[in-house]
Amino acid sequence: MLVGNETLYTILFYALSLAAVLFALLMVCTKKILRSAAYLMAVLSVTAGYYMLLGQEFMAGVQILVYVGGIVVLFIFAVMLTRSVELDEDKPTLGRRLLALLVSVLLFAFSVVMFSWSELPVLLPGLPGSSSGSAVAEIGRRLLDTGPTGYVIPFEVVSLLLLAALIGSIAVAKYDSSSGGGAR
Amino acid sequence: MSNLLVPGAFHWLVVSSLLFSIGVYGLLTRRNAVGVLMSVELSLNSAALNFVLLNRFFAPGKVDGAIMALFIVTVAAAEAVVGMAIFVALYRQRKSVDVNRMNMMSG
């Protein structure tokens with residue numbers, strides 16, 4: 001854990017939260033889709049900072065590698081391949097925006113009320129402990145553990161899922177409507 | 001510093017659900033399908049954050065929450081890849097990824 005100081009931890013938490021919420025709001029409100037992708041990248045990087053603050057350095061690395069380095073680049077490719085830049089995101093109608101605002105605010109209020117009502121069995125209040133030591137070694141051991149608490153089967157299933165997604169996306173994107181018949 | 005200000009599990013959960021709600025807002029207002037998928041990614045990201053913070057506050061010293069978050073990240077990557085392939089194929093056929101005009105299966 002790189003932060004041992006409570007004041008520093010608090011300040012970092014609020015600064016990161018401000019940045020995350022600000023970038024997320026900008027992401028859903030901006031009209032230009034490429035800017036939206038850039039703001040999404042910012043939010044995901046801030047989340048990596050959150051993981052560092054929570055003491056999960058490995059998750060922070062995975063977040064940067066997979067999300068910021070992979071998925072956001074994929075989104076930018078998708079934007080360019082579908083010429084979404086030209087599809088000007090015309091303002092959503094007022095009714096739709098109000099409805100979406102109502103739904104999301106209700107969702108947020110409901111979850112906050114539930115959090116404040118439930119008695120969270122906090123084992124480790126306040127400061128993140130320096131208890132973890134090396135979480136990376138433990139994660140690796142658990143992922144390949146064949147025992148009752150191991151995750152070797154989900155691990156293999158997820159690797160199959162990735163292979164299926166790879167082949168399936170190539171098959172879907174390669175389909176040429178001009179040469180074959182079928183679906184219009 | 002007041003003790004209420006020090007971020008505990010409640011503060012983290014509130015931030016995470018706020019990010020999720022913003023993702024839902026984007027999901028409901030976007031017209032571009034790629035924008036919709038980006039909002040879904042934001043929501044998935046806050047779900048993974050939830051797993052990690054609950055691991056940290058309720059089961060310190062264990063790594064199960066982090067492993068779940070790892071799986072969420074993997075599934076999100078697969079979802080983004082397949083979604084992008086579908087959008088590219090759709091654009092080739094219909095010259096648009098406007099979700100308001102995706103009505104070929106209705107009626």
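Here is the naming used below: chain letters follow the sequence lines, and residue numbers restart at 1 for every chain. Predicted model only: the values in this text are computed from it and were never measured.
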**Report entry** Part of B:Leu37 within contact of chain A (heavy atom distance under 4.5 Å)
**Finding:** both
Query raised in the report: Do B:His11 and A:Ser17 come within less than 4.5 Å of each other through their side chains, counting heavy atoms only?
Result: no
Query raised in the report: Heavy-atom distance under 4.5 Å to chain A: side chain of B:Asn55, backbone, both or neither?
Result: side chain
Query - Per-residue contact mode, B:Leu19 against chain A (heavy atom under 4.5 angstrom) - result: side chain
Requested in this report: Please report the shortest heavy-atom distance between A:Ser169 and B:Ala85, naming the atom on each side.
Outcome: O-CB, 3.3 Å
**Report entry** Identified side-chain contact (heavy atoms from CB on, under 4.5 Å) counterpart of A:Tyr50 within the set B:Val15, B:Leu53, B:Asn45
**Finding:** B:Val15
Report task. Could you check if a side-chain atom of B:Asp64 sits within less than 4.5 angstrom of a side-chain atom of A:Tyr151, using non-hydrogen atoms only? Result -> yes
**Report entry** A:Ser111, part contacting chain B, at a heavy-atom distance under 4.5 Å
**Finding:** side chain
Report task. Check whether B:Glu41 gets within reach of chain A through its side chain, its backbone, both or neither, counting any heavy atom under 4.5 Å. Result -> both
Report task. Mind checking the CD1-CZ spacing from B:Ile67 to A:Phe155? Nearest 0.5 Å is all I need. Result -> 10.0 Å
Requested in this report: Keeping the roles fixed (side chain from B:Arg92, backbone from A:Ala173), state whether a donor-acceptor pair exists under 3.5 Å.
Outcome: yes
Report task. Run through A:Leu102, A:Val103, A:Leu25, A:Val28 and flag the one making a side-chain contact (heavy atoms from CB on, under 4.5 Å) with B:Tyr25. Result -> A:Val28
Query raised in the report: In Å and rounded to the nearest 0.5 Å, what is the CG to CE distance from A:Leu74 to B:Met84?
Result: 5.0 Å
